[in-house]
S.K.: 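Pasting a structure here, questions to come.
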Amino acid sequence: MTTRLVTSALPYANGSIHLGHMVEHVQTDVYVRYLRSIGDDVTWICAADAHGTPIEVNAGKAGVPPAQFAEAHRQEQHRTFQAFGIAHDTYYTTDSPENRAWAYRIYDALKARGLIHKRSVEQLYCEHDQRFLPDRFVKGTCPKCATPEQYGDVCEKCGTTYDPRELKDPACVLCMRPPVVRSSDHAYVNLRRPEVAAIIQGWVEAEGHLEPAVRQQVKGWLADLQDWCITRDAPYFGFPVNDADFPGKFLYVWLDAPIGYLSSGEHYFAAEAPPERRLTPEAYRARYLDEGAPARLEHVIGKDILRFHAVFWPAMLWAAGLKRPDRMVVHGHLTVNGEKMSKSRGTFINASTYLESGLDPELLRYFFAANLSAGPSDLDLSLEEFRNRINADLANNVANLASRVAALLQRATGPVGSAAPDPEVVSAVREALPLARRAYGELQLREVVRLVSQLASVCNRRVQESKPWENPTGPAEQAVLYAIAKALGALALMLQPILPRFAAALANAYGLPLPTWTEWLDPFDGQPVAVREKPPQIARLDQKQVEKLITSSAEAPKPAKVAKGASPAEGAGKATAKPAAEPPVFGVIQYEDFARVELRVGAVLSAARVEKADKLLQLSVDVGEPAPRTIVAGIAQAYPEPAALVGKRIVVVANLAPRPLRGITSQGMLLAAGEPPNLQLVTVGEAIAPGTRVK
RNA sequence: GGUGAGGUAGCUCAGUCGGCUAGAGCGGGGGUCUCAUAAUCCCCAGGUCGGGAGUUCGAUUCUCCCCCUCACCA
């Protein structure tokens with residue numbers, strides 16, 4: 001048994017949880033549940049990241065104190081996670097007394113090692129708002145390509161990165177007034193000192209800490225280690241620097257955020273843990289944090305914050321006499337329908353939107369798991385793939401297997417056993433369990449899901465081949481059914497970290513307990529099985545259900561917020577990804593975009609001019625519905641004899657929002673090519689019935 | 001421009017420490033059973049493994065060059 005402290009990155013307490021956050025927390029939750037299923041002692045620490053300029057500014061806009069603002073978001077975030085079955089042991093905050101003490105402890109340790117020095121920095125300053133302006137708080141014209149309205153760090157048009165002082169016509173985003181250049185003294189950590197660089201490099205290169213691809217990335221950074229600025233000017237929401245050398249300064253949010261892992265753990269063990277798990281802060285440190293502590297420290301993060309975690313963080317821990325992480329799992333970003341999440345396209349999906357759509361949270365957990373590997377590659381939530389994946393894997397394969405076998409077993413009079421369970425099923429189970437166990441340990445969740453499907457397919461095939469419905473009580477048939485019932489127990493065990501509710505219900509339906517997953521676990525224990533209740537069902541998804549995710553996201557625009565990532569002029573790195581550039585209106589669209597347009601064949605029943613309008617015709621069109629539709633179209637100039645249109649088969653946009661034209665509500669739109677008077681309606685032959693979908 | 005990661009069937013990906021007819025799932029096409037959620041099961045993809053050159057008896061897998069995508073950085 002291994003004792004572990006696992007963390008996931010701390011969501012910023014500036015907004016709601018979206019599906020991008022969910023990737024990370026699902027991945028971590030699955031990992032933690034797996035570790036517990038093999039008997040490890042795991043504590044999962046998370047918290048809300050409560051400090052920094054954006055929270056200070058947005059709280060000010062909302063008219064509440066920053067602490068209150070962050071706390072409200074923290075609570076909401078915590079509730080959202082719980083609704084997805086994400087079971088952090090604690091979801092604390094970085095704005096805590098414990099974190100303050102830890103931040104000072106680490107600052108003091110850096111100082112005591114002589115790693116902190118003072119440097120004067122020139123930055124843009126807004127005299128009206130009386131604040132230094134982080135990169136994202138300045139907008140101006142790109143010095144290279146002259147695109148207006150660019151932030152202070154990078155031009156979205158030409159990709160050039162620059163110093164905010166280089167911007168032409170810079171303006172403070174808060175008041176739009178031009179800023180001035182002013183200098184300020186800041187604390188920097190010197191990471192180039194040989195003893196520090198050696199620590200970082202040693203940590204990066206050691207086996208097991210990082211995936212090879214990630215390690216390569218980090219090694220590239222090590223060649224050019226920059227000093228790291230760890231203070232910010234007032235006004236700021238954070239901890240004041242506890243050092244007379246830097247009066248009036250605050251600790252940078254990125255210093256105290258990862259420290260939040262340590263302090264939230266301390267709070268958990270001291271105040272939140274069940275009584276038998278309580279630890280004093282001293283005992284907690286000795287067991288989990290100190291150099292040489294027996295427990296493993298493992299972080300799950302997104303690739304956007306890798307630099308902080310893989311370069312700065314080991315140095316900070318070392319300076320304070322604490323152990324470095326034993327493993328850092330780095331995942332990629334979520335895209336939706338192949339693009340970066342975008343609010344204007346409806347692909348910026350909040351976790352709450354998913355919940356409101358009525359979709360089971362476990363389905364999303366499954367989809368993410370089915371597409372996650374241990375590496376940092378991005379993961380795409382294509383609605384089409386989501387639906388196919390759920391329907392094919394869960395509904396048709398696994399859940400249907402449980403359902404059909406339960407029905408067959410219930411035809412027997414009592415519990416079913418077999419001295420010779422179907423050998424093909426038996427060997428499939430014995431093969432799958434250790435492979436799945438290894439895949440979980442390597443965080444190859446995609447592989448786990450593949451193994452589950454493969455095993456369920458073998459079972460379905462054996463049912464098909466042995467036709468137990470013809471003689472349900474025959475020994476050969478029972479050998480198959482019994483073996484599959486046990487296989488379903490194995491499937492429940494394999495799926496339990498991903499689908500905890502479904503797996504528990506499945507095992508329970510067959511009266512099979514979910515055991516601790518030992519390496520030698522063999523489910524064929526000879527115990528007969530009896531179905532206790534109907535196995536859990538998974539309803540097939542249709543397109544409409546899934547599309548709700550995007551349509552309801554599009555209808556709920558969120559007020560613009562200032563994103564975290566506020567770095568001062570020295571370019572310490574960005575905390576969050578840049579906002580996605582909005583795609584052009586006539587860009588390439590995805591199939592789903594096209595599929596949202598419902599084109600149908602319509603038969604023209606009547607056509608007449610609209611009074612007092614020289615361009616409009618009013619048509620009555622049969623699109624295969626009980627009542628014909630009234631459609632008003634601007635085609636009168638092209639069709640001076642409206643009656644000639646009667647009987648034609650035209651193409652209608654059937655799901656366009658109704659719109660009144662000259663007092664008549666038009667219930668659709670016709671497809672036509674050209675400009676009046678040289679315009680023709682798009683028609684199809686009479687062999688195609690009204691109502692036929694055009695695609 | 002530098003660094004890193006990629007470019008394999010319509011889609012998502014696996015794989016080859018160089019070698020028999022390059023794989024899986026999904027989607028699509030055809031057939032089948034009826035225990036089960038219109039579920040299952042069977043058959044069907046002829047993909048220049050980004051392009052070019054080299055090493056080799058043999059390269060998709062190694063080397064070099066080039067093109068493209070993504071990320072980070074200057």
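As the structure is a prediction and not an experimental result, all values here were calculated from the model. Here is the naming used below: chain letters follow the sequence lines, and residue numbers restart at 1 for every chain.
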S.K.: In whole angstrom, give the distance that lies between atom CG of A:D393 and atom P of B:U40.
M.R.: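 So the two atoms are 11 Å apart, to the nearest Å.
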S.K.: Tell me which nucleotide, if any, is Watson-Crick or G-U wobble paired with B:G23 when both distances must be under 3.5 Å.
M.R.: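 WC or wobble partner is B:C13.
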S.K.: Of the options B:C73, B:C35, B:U37, whose atoms approach the side-chain atoms of A:Q464 most closely?
M.R.: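 Looking only at heavy atoms from C-beta outward on A:Q464, the closest nucleotide is B:C35.
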S.K.: Relative to the 5' end of RNA chain B, which residue comes earlier, A:K303 or A:P212, by the nucleotide with the nearest heavy atom?
M.R.: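 Looking at RNA chain B, the more 5' nearest nucleotide goes with A:P212.
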S.K.: Would you say the side chains of A:Q444 and A:R450 form a donor-acceptor pair under 3.5 Å?
M.R.: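 Result is no, nothing qualifies.
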S.K.: With the side chain of A:R389 defined as its heavy atoms from C-beta on, choose the nearest nucleotide among B:U37, B:C72, B:G25.
M.R.: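 Among B:U37, B:C72, B:G25, the one nearest the side chain of A:R389 is B:G25.
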S.K.: If we call it a pair only when both distances are under 3.5 Å in a Watson-Crick or G-U wobble match, what pairs with B:A53?
M.R.: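 Partner of B:A53: B:U63.
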S.K.: Please state whether the phosphate of B:C73, meaning OP1 or OP2, lies under 4.0 angstrom from any side-chain nitrogen or oxygen of A:K219.
M.R.: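 It does not, given that no N or O in the side chain of A:K219 lies less than 4.0 Å from OP1 or OP2 of B:C73.
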S.K.: Quantified in whole Å, what is the C1' atom distance between nucleotide B:A59 and nucleotide B:U8?
M.R.: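 Straight-line distance between the two C1' atoms is 14 Å.
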S.K.: Would you confirm whether the ring centroid of A:Y354 sits within less than 6.0 angstrom of the ring centroid of A:F84?
M.R.: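 Yes; A:Y354 has its ring centre under 6.0 Å from that of A:F84.
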S.K.: B:G27 and B:C64: how far apart are their P atoms, nearest whole angstrom?
M.R.: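 The answer is 42 Å between these two P atoms.
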S.K.: Suppose we define a pair by two distances each less than 3.5 Å, Watson-Crick or G-U wobble; what does B:U40 pair with here?
M.R.: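 Base-paired to nothing in any strand shown.
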S.K.: What's the closest nucleotide to the A:E385 side chain, out of B:A71, B:U40, B:C11?
M.R.: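 That would be B:C11.
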S.K.: A:A399 side chain: which of B:U37, B:G4, B:A36 is closest?
M.R.: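 Ranking B:U37, B:G4, B:A36 by closest atom to the A:A399 side chain puts B:U37 first.
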S.K.: Ignoring hydrogens and angles, tell me if any N or O in the side chain of A:H299 forms a donor-acceptor pair with the backbone of A:M328 under 3.5 Å.
M.R.: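 Between the backbone of A:M328 and the side chain of A:H299 there is no qualifying donor-acceptor contact (under 3.5 Å).
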S.K.: Which of parallel (below 30°), tilted (30 to 60°) and perpendicular (above 60°) describes A:F386 and A:F367?
M.R.: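 The arrangement is perpendicular - the two ring planes meet at more than 60°.
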S.K.: Which is true for A:N371 with a 4.0 Å heavy-atom rule: it touches a base, it touches only sugar-phosphate, or it touches nothing?
M.R.: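 Result for A:N371 = sugar-phosphate.
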S.K.: Using whole Å, what does the distance between atom P of nucleotide B:C26 and atom CD of A:Q543 come to?
M.R.: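 Rounding to the nearest Å, CD of A:Q543 and P of B:C26 are 19 Å apart.
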S.K.: Sticking with atom C1', work out how far B:C49 lies from B:U21, rounded to a whole angstrom.
M.R.: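 Their C1' atoms lie roughly 15 Å apart.
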S.K.: Calculate, to the nearest 0.5 Å, the distance between atoms CG and CD belonging to A:L364 and A:E362 respectively.
M.R.: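 It comes to 11.0 Å.
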S.K.: Round to the nearest Å and state the distance from A:L222 atom CG to B:C72 atom C1'.
M.R.: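 That distance rounds to 13 Å.
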S.K.: With rounding to whole Å, what would you report as the distance between B:U61 and B:G29 at their P atoms?
M.R.: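 36 Å, rounded to whole Å.
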S.K.: Pick the C1' atom in B:C42 and in B:G19, then give their distance to the nearest Å.
M.R.: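 Looking at atom C1' only, B:C42 and B:G19 are 32 Å apart.
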S.K.: Rounded to whole angstrom units, what separation is found between the CZ atom of A:R307 and the C1' atom of B:U3?
M.R.: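 Nearest whole value for this atom pair: 11 Å.
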S.K.: Return the pairing partner of B:G46 with a 3.5 Å limit on both distances, Watson-Crick or G-U wobble; otherwise return none.
M.R.: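 Per the H-bond distance test, none.
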S.K.: Rounded to whole angstrom, note down the P distance from B:A71 over to B:C62.
M.R.: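 B:A71 and B:C62 have their P atoms separated by 26 Å.
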S.K.: Using atom P of each nucleotide, how far apart are B:U34 and B:G51 to the nearest Å?
M.R.: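 Roughly 49 Å separates the two P atoms.
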S.K.: Just the rounded figure in Å: distance from C1' of B:U12 to OH of A:Y366.
M.R.: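 My rounded result for the distance is 13 Å.
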S.K.: So A:A406, base contact, sugar-phosphate only, or nothing? Heavy-atom distance under 4.0 Å.
M.R.: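 Touches nothing.
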S.K.: Could you tell me which nucleotide pairs with B:G1 by Watson-Crick or G-U wobble geometry, both distances under 3.5 Å, or answer none if nothing does?
M.R.: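 Result: B:C73.
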S.K.: Without decimals, in angstroms, what is the distance between A:L372 CG and B:C13 C1'?
M.R.: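 Computing the A:L372:CG to B:C13:C1' distance gives 13 Å.
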S.K.: Between atom CG in A:L381 and atom P in B:C11, what is the gap in whole Å?
M.R.: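 Atom CG in A:L381 sits about 18 Å away from atom P in B:C11.
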S.K.: Classify the nucleic acid contact of A:Q537 as base, sugar-phosphate or nothing, counting any heavy atom under 4.0 Å across all strands shown.
M.R.: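 Here A:Q537 touches the bases of the nucleic acid.
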S.K.: Does the plane of the ring in A:W228 sit parallel, tilted or perpendicular to the ring in A:F312? Use 30° and 60° as the thresholds.
M.R.: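 If you compare the ring of A:W228 with that of A:F312, the planes turn out parallel.
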S.K.: I'd like the C1' distance from B:A38 over to B:U48, given in whole Å.
M.R.: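 To the nearest whole Å, 41 Å.
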S.K.: Given atom CD of A:E447 and atom P of B:U12, what is their separation to the nearest angstrom?
M.R.: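 These atoms are roughly 19 Å apart.
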S.K.: Base, sugar-phosphate, or nothing: which does A:I538 touch, judged by heavy atoms less than 4.0 Å apart?
M.R.: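 The answer is base, as A:I538 lies within the cut-off (heavy atoms under 4.0 Å) of a base atom.
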S.K.: Does the plane of the ring in A:Y34 sit parallel, tilted or perpendicular to the ring in A:Y440? Use 30° and 60° as the thresholds.
M.R.: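 A:Y34 vs A:Y440 ring planes: parallel.
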S.K.: Base, sugar-phosphate or nothing for A:R450? Non-hydrogen atoms, less than 4.0 Å.
M.R.: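 No contact.
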S.K.: On RNA chain B, compare the nucleotides closest to A:R446 and A:N388; which residue's is nearer the 5' end?
M.R.: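 First, find each residue's nearest nucleotide; the 5'-ward one identifies A:R446.
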S.K.: Would you mind classifying the nucleic acid contact of A:A392 as base, sugar-phosphate or nothing, using non-hydrogen atoms under 4.0 angstrom?
M.R.: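 Answer is sugar-phosphate: A:A392 comes under 4.0 Å of backbone atoms only.
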S.K.: Does the side chain of A:E298 come within less than 4.5 Å of A:V329's, by heavy atoms?
M.R.: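 No, side chains not in contact.
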S.K.: Output the single nucleotide from B:C72, B:A5, B:U37 whose closest atom is nearest the side chain of A:N400.
M.R.: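 Output: B:U37.
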S.K.: Considering every strand shown, what is the Watson-Crick or G-U wobble mate of B:U34 when both distances are under 3.5 Å?
M.R.: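 Its partner is none (no Watson-Crick or G-U wobble pair with both distances under 3.5 Å).
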S.K.: So what does A:S373 hit on the nucleic acid, given a heavy-atom distance under 4.0 Å: a base, only sugar-phosphate, or nothing?
M.R.: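 Here A:S373 touches no strand at all.
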